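Please read the structure below before turning to the comments.
When reading the values below, keep in mind they use all heavy atoms of this one structure, side chains included, and skip hydrogens, waters and symmetry mates. Quick caveat: nothing in here was measured; it's all calculated off a predicted structure.
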Amino acid sequence: MLRPEGLPPVQYEVTPLQGGFDQITSAYNLAPGALRDCINFACRSQGGYYRIPGYERIDGQPAPSSASFLPIDVTMNPGEPLPPIGSVGNFGNVTGVVCYVDPFGEYIAVTKTTITFSTFTPGVIDIGGGTIGQATGIHTQLTIKDSAVVKSYAANIYRADIEPVPGSGPIRGVLYFKDTVFGFRDNDTATAGEVYKSTAAGWVKVDLGYKVAFTNLQANIDEGDTLTQGAVTATVERWVITNGDIVSGINIGYFVLSTLAGGNFAAGAATVNGVAVTLSGAETAITLLPGGKYNFSIGNFSGYYDNERVYGADGVNDAFEFNGTVFVPIPVAMVAKPSYALVHSNHLFLAVESSLVHSALGNPYNFEVVNGAGEIGTGGKITGLLVLPGNQGTAALEVTSRSSTWVLYGTSAQDWKFVNYNVGVGALDRTLQNLFDAFSADDHGLTMMKQSLNYGNFDAARLTYNIQRFIKSLVGQLACSALSRSNSQYRVYYANGFGIYTTVTPQGVVGHGVVLFPDPVICAFDGEDSSGESVHLFGTTSGYVMHNDAGTSFDGREINAYLNTNINTAKSPRIRKRFRRCVLELQGEAYVEMDVGYAFEWASERILPHLFENAPMSFAALPFWDSFIWDNFFWDGRSNDTVSVELNGTGENLQLMIVLDSDYIEQFTIPSAIFHYTQRRGNR
């Protein structure tokens, strides 16, 4: 359309949405695409903000997010209502569970069936042995939104099958190892700790086996050999020598046993496939005391590529080795129990209060000094251990207390060098992570420890100076940390449900996002499945193990999300502008529906009265909520496209807010916004 001569032209301002959450920087010094507030949005490493995925409970049964459904047109018999959600029956040739009922009565959706669109045959509807209607055909008029909504209902059917880890109290630890989830929780009476593993039928308790002490084992034996004493037999899963050696035949150790048969062992002579040994007494069941907070380290002390094992500690029990089946206690002759275990430089390191204890080289079971084991005192209670990138050809181990950081250089007791790296800067419990550099958190914020050529070989940098007010509001509540390598994120979680997702690359901090979970994260584990896909797990106070970054909801509850940008002056501060349109770039693979709000002049009340359309969620303290003009739009999930929002007003600057509240919308990214405007006069 032609514009009358003399009117200012329409101009276009491309605004990259990047920079993340920033509470401190002056508005005029902060990029217009940065955020002044956000919940459940985080930064992409390549730019843009994404509404985070959800999380869902897990126990080995089919995941809620994997649910499928079949929409079926129905005609009910006179007087018969539509079958309610959860009804199990036959629908034509389909046997399944009703997951959704059309409010207009035209169709239902059935899940937990192997019948597909192409194999469906019409027929009667039979619920509990009675015919109540006819399944007449596949319902083919679903919109993209309908499909997303119905799938969320199907997910809830699957979700109802998944149970918490049996027991009582919170999850003490969660582990992913060889495509299996393991949950550690106290038993029903809180008198012992137990370990459960995920299976296709749900959680199954892991039998920890038995332990029996021995002396003077006369030769090497193999795992899987049979221990025999008279009529009593058992399978030797592990044999551990804690003192002495096998060559002399003078030694002390213990067997870890399974498949005990024929009674109980007793003190006296026995054999293992013909090799003589003296048992010190009867076997005892391996048990765990309740309580503690588990941490894990995966390592391999053998030359075989598929012989990785898990090493762990919890501050209450002995350290242990675990391969998913065999549980091996690793006692250390100290009063306190280790709180951290870490495999480093072919040693097993344990943190026991202020002492750093390590095993013999290549032997995680042996802590004899004569064999190369040792102890290093730190002077502060250890809050974390982390393997660092090497220094000038040697290995490095970070050791922290709440207020100090040390680095252990070297490869064995022959060349250890323990250096006090930073007095006054430490880390809180369970916050050390290694992405490409070392990351940690304390009451003052998040820190990156970067390898350098400077003296000491590492430089420390505080990452969260620009969200310091938010950090201070959470002092004393930090629970644990995690990583997302695919998103290049260091994540910290707090006991009140909040979390910080810091996206960072080797070039620097991309930005911070804030998350808020209705199930606070109390412990976490990040791993990979056999196909190389990342698996992020966390434990809850209610006993569920959650699969993070999965599904479209917070375990069936809506994801409340919003972002509020910094002001945008279109590079002309103090100049009033007539804003006309905002074009948002979207990336994703599914249906999106959101509310978009905007405000002028710092959301000033001096600007003309604003219209307000009810947004789908209500927060107690949304900034400038009543000063924003709202519009609603949807997007059908093309991989990369734009949507346009009409703007109508004049001001020096404009702020943008995006809000959505849903349990059926998948993650999506907003990389940029284009603003259409014409310049007016300067502000007086």
Exercise for the section: Please answer whether the main-chain N or O of S412 pairs with a side-chain N or O of D415 as donor and acceptor at a distance below 3.5 Å. Expected result: yes
Problem - Check: F320 ring centroid to Y311 ring centroid under 6.0 Å - result: no
Handout entry: Side-chain donor-acceptor contact under 3.5 Å, H347 with S359
Key = no
Exercise for the section: Verify, without hydrogens or angle tests, whether D442 (side chain) and L446 (backbone) share a donor-acceptor contact under 3.5 angstrom. Expected result: no
Practice task
Decide, yes or no, whether a salt bridge links E528 with R485 under the criterion of side-chain N to carboxylate O below 4.0 Å.
Solution key: no
Exercise for the section: Before accepting this row, confirm whether a basic side-chain N of the pair K381/D429 lies closer than 4.0 Å to the acidic partner's carboxylate O. Expected result: no
Handout entry: Test item: W239 side-chain N/O and I221 main-chain N/O as donor-acceptor pair under 3.5 Å
Key = yes
Handout entry: Side-chain donor/acceptor of N251 to backbone N/O of N216, under 3.5 Å
Key = yes
Handout entry: Backbone of A282 reached by a side-chain donor or acceptor of N264 within 3.5 Å
Key = no
Completion exercise
For residues 165-178, the salt bridge (charged side-chain N to carboxylate O under 4.0 Å, His left out) pairs (sequence neighbours left out) are R172-D186
Handout entry: Between E56 and S65: side-chain donor-acceptor atoms closer than 3.5 Å
Key = yes
Problem - Side-chain donor or acceptor of S404 paired with backbone N/O of S401 under 3.5 Å - result: no
Exercise for the section: Would you kindly say whether T228 and T226 are connected by a side-chain donor-acceptor distance under 3.5 Å? Expected result: no
Practice task
Decide, yes or no, whether a salt bridge links D555 with R57 under the criterion of side-chain N to carboxylate O below 4.0 Å.
Solution key: yes
Problem - Geometric class of the W416/H344 ring pair [parallel <30°, tilted 30-60°, perpendicular >60°] - result: parallel
Problem - Where W203 and I58 come nearest, the two heavy atoms and their spacing - result: CZ2-O, 3.2 Å
Exercise for the section: Only pairs at least two apart or in different chains count here, so list each salt bridge (charged side-chain N to carboxylate O under 4.0 Å, His left out) that has a residue in residues 345-369. Expected result: none
Problem - Test item: side-chain donor near acceptor, Y365 and E321, under 3.5 Å - result: yes
